[in-house]
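Read the structure below first, then the notes.
Along the sequence shown, the residues carry numbers beginning at 1.
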Amino acid sequence: MLWIKNFARISPTTSYVGNLFRNSESYTLSSRFCTALQHSETVQATDQVDNGLEQQEQRYHGLAPTKEGEKPRVLVLGSGWAGCRLMKGIDTSIYDVVCVSPRNHMVFTPLLASTCVGTLEFRSVAEPISRIQPAISREPGSYYFLANCSRLDSENHEVHCETVTDGLSTTLEPWKFKIAYDKLVLACGAEASTFGINGVLENAIFLREVHHAQEIRRKLLLNLMLSEVPGIGEEEKRRLLHCVVVGGGPTGVEFSGELSDFIMKDVRERYAHVKDDIRVTLIEARDILSSFDDGLRQYAIKQLNKSGVKLVRGIVKEVKPQKLILDDGTDVPYGLLVWSTGVGPSSFVKSLGLPKDPGGRIGIDEWMRVPSVEDVFAIGDCSGYLESTGKSTLPALAQVAEREGKYLANLLNVMGKAGGGRAWSAKGTELGEPFVYKHLGSMATIGRYKALVDLRESKEGKGISMAGFVSWFIWRSAYLTRVLSWRNRFYVAINWLTTFVFGRDISRI
């Protein structure tokens, strides 16, 4: 009787059964019935657990090590120029492709500065990964995961990842998971260099991603509108309308040129009350566009001065919320601060226990391999030649990363056809010729329908160098053909035509 009373507390169903047989003399029948019921509930719960595990295994099928009869897996970390060019060229009849990156698109960085002032729309410079490599959205063994890599386990051929929640961490916990690989390609790029200067991360805006361009555009238009508010002081108005660019490389110069065009053509028409107060200052520690021909640099300086861009030579010592301080003690108030001083190794690259080149990037040999570990390659801005190769590290340029990606895709295809696509199977495989980089030249726009074109292989070499309107036409034509898809080429061409006819869009969305 005590057993039945305790059992009755378990569930309403068992309570009903206990009451039914409480006054009965058939305790044996009651016991058998309740035992059967309890067994049925246990079996049902077990089945539910088994079904859940089965569903989980089905959902993540393909992340475990590949088996015989399955295609070997190439895991790509990153979706920049190098990683996307590799994914585009990889033979998906040989390999499954898995991409892990915090963004699901590639950014066409040469045109990113144009989006900050409305010359182009943001989607014109973003190419979805699934368009670059359609197998990622079609093939059962190929995936894209919105995540960051947190750790590399080269001994077990695994990477540990954590999902990106985009600020939803309060409602959505990051999910940690592992992916096994046959070949791993590290193409995780680099981070903007701050040189340890206090206040840069908190107050400056970089220009490397689409969301950076969106932030710059919103900040610029906000300052323009706030400067017209009644009662604002003249000093505060001048600060709000002072745009400061730190870094005289191609990105900083192109952004300064786009900004000066925006001021001269659009701000003076639509913000007539403040048209004489808005200013642009470009700060550089040495010479601007140092990789270009000296004649082209002097031409760029002359044109930027004509456009109203003030060039300042100096080193930033500290950045505060409303001003920066130079090495000579000069205070430079600003309303918008854009930081473009080059790139350096990311925190993830620094955390990897892999050999590094003299600059702190992942060390590679002439075939893009990381020599100390098996089946691991590195390309793009995150990699550099080891000192043992006798080669100097290549510059962090889009054309370098793109051609490294193309070379490695061909190399992996050759390895796969030769039977070396699986983990631990590449030893003895003929790799062919090592990677050789040949510089195709540099281009930069400086505003007012002017640009620089330097087609020399090196600064000391001989070749074609030109500047002016013809160079600007070559610059636009070259980049229009380099945009990855016909869809985005059409967007870019239409945006350029719309801006030319109607002016830039100044809506703050």
> Nearest heavy-atom pair of T341 and V246: which atoms, and what distance?
Replying inline: CG2-O, 3.6 Å

> Okay, side chain of D261, backbone of R448: is any donor-acceptor separation there less than 3.5 Å?
Replying inline: yes

>> Give me the atom names and distance for the closest heavy-atom approach of Y491 to S124.
In response: CB-OG, 3.5 Å

> Who passes side chain to side chain contact (heavy atoms under 4.5 Å, CB included) against D96, sequence neighbours left out?
Replying inline: K71, S142

> If you measure from CG on L386 to NZ on K356, what distance do you get to the nearest 0.5 Å?
Replying inline: 10.5 Å

>> Donor-acceptor pair, distance only, cut-off 3.5 Å: does the side chain of E284 make one with the backbone of R286?
In response: yes

> Which pairs pass salt bridge (charged side-chain N to carboxylate O under 4.0 Å, His left out) with one or both residues in residues 432-443, sequence neighbours excluded?
Replying inline: K438-E457

> So, for E254 and P110, which heavy atoms are closest and what is the spacing to 0.1 Å?
Replying inline: OE1-O, 3.7 Å

> Can a salt bridge be assigned to the pair R103 and E209 using a cut-off of 4.0 Å between side-chain N and carboxylate O?
Replying inline: yes

>> The criterion is salt bridge (charged side-chain N to carboxylate O under 4.0 Å, His left out); which residues satisfy it with K178, sequence neighbours excluded?
In response: E158

>> Can you give me the closest heavy-atom contact between A82 and A187, atom names plus distance?
In response: CB-CB, 4.4 Å

>> Taking salt bridge (charged side-chain N to carboxylate O under 4.0 Å, His left out) as the definition, give me every residue that meets it alongside D381, ordered by chain and number, with sequence neighbours left out.
In response: none

>> Applying side-chain hydrogen bond (donor to acceptor under 3.5 Å, both in side chains), can you list everything that pairs with R403, at least two apart in sequence or on another chain?
In response: Q399

>> Test your reading of the model: is there a side-chain donor-acceptor pair from R489 to the backbone of V483, 3.5 Å cut-off?
In response: yes

> Among T115, T251, T109, V245, which one satisfies side chain to side chain contact (heavy atoms under 4.5 Å, CB included) with L207?
Replying inline: T251

> With sequence neighbours left out, which residue pairs that include part of residues 413-432 fulfil the side-chain hydrogen bond (donor to acceptor under 3.5 Å, both in side chains) condition?
Replying inline: T66-R422

> In terms of side-chain heavy atoms, does S346 have a donor or acceptor partner in E191 at a distance below 3.5 Å?
Replying inline: no

>> Set out, in order, the CA-CA distance, both residues' side-chain angles and the distance that settles side chain to side chain donor-acceptor pair (under 3.5 Å) for D182 and H157, then state yes or no.
In response: CA-CA 7 Å; D182 292 289; H157 275 48; over 6 Å; no

> Heavy-atom count around E387 CD within 6.0 Å, excluding the residue itself: above 12?
Replying inline: no

> Can you check whether G432's main-chain N or O pairs, donor with acceptor, with W367's side chain at less than 3.5 Å?
Replying inline: yes

>> Can you tell me how far apart CG (N148) and CD (E162) are? Round to the nearest 0.5 Å.
In response: 8.0 Å

> How would you list all residue pairs meeting ring pair (Phe, Tyr, Trp, His ring centres under 6.0 Å) that involve residues 370-397, not counting sequence neighbours?
Replying inline: none

>> Could you check whether T393 and R361, counting side-chain N and O atoms only, form a donor-acceptor pair closer than 3.5 Å?
In response: no

>> So, using salt bridge (charged side-chain N to carboxylate O under 4.0 Å, His left out) as the criterion, who are the partners of D505 when residues are at least two apart?
In response: R217

> Please, which pairs that meet ring pair (Phe, Tyr, Trp, His ring centres under 6.0 Å) have at least one residue in residues 80-102, sequence neighbours excluded?
Replying inline: W81-F108

> Parallel, tilted or perpendicular: which fits the ring planes of Y437 and F435, with parallel below 30° and perpendicular above 60°?
Replying inline: parallel

>> Side chains of D293 and S465 only: does a donor on one sit below 3.5 Å from an acceptor on the other?
In response: no

>> Checking E402 now: which residues fulfil side-chain hydrogen bond (donor to acceptor under 3.5 Å, both in side chains) with it, not counting sequence neighbours?
In response: R482

>> Which residue is it: L184, L354, V159, V373? I am looking for the one with a side chain to side chain contact (heavy atoms under 4.5 Å, CB included) to S154.
In response: V373

>> List the residues meeting side-chain hydrogen bond (donor to acceptor under 3.5 Å, both in side chains) with S93, not counting sequence neighbours, and say none if there are none.
In response: D91

>> For S260, give me all partners under side chain to side chain contact (heavy atoms under 4.5 Å, CB included), at least two apart in sequence or on another chain.
In response: S307, V309

> Under a 4.5 Å cut-off applied to non-hydrogen side-chain atoms, are F195 and V200 in contact?
Replying inline: no

> When you check the side-chain N and O atoms of D365 and T389, is any donor under 3.5 Å from an acceptor?
Replying inline: no

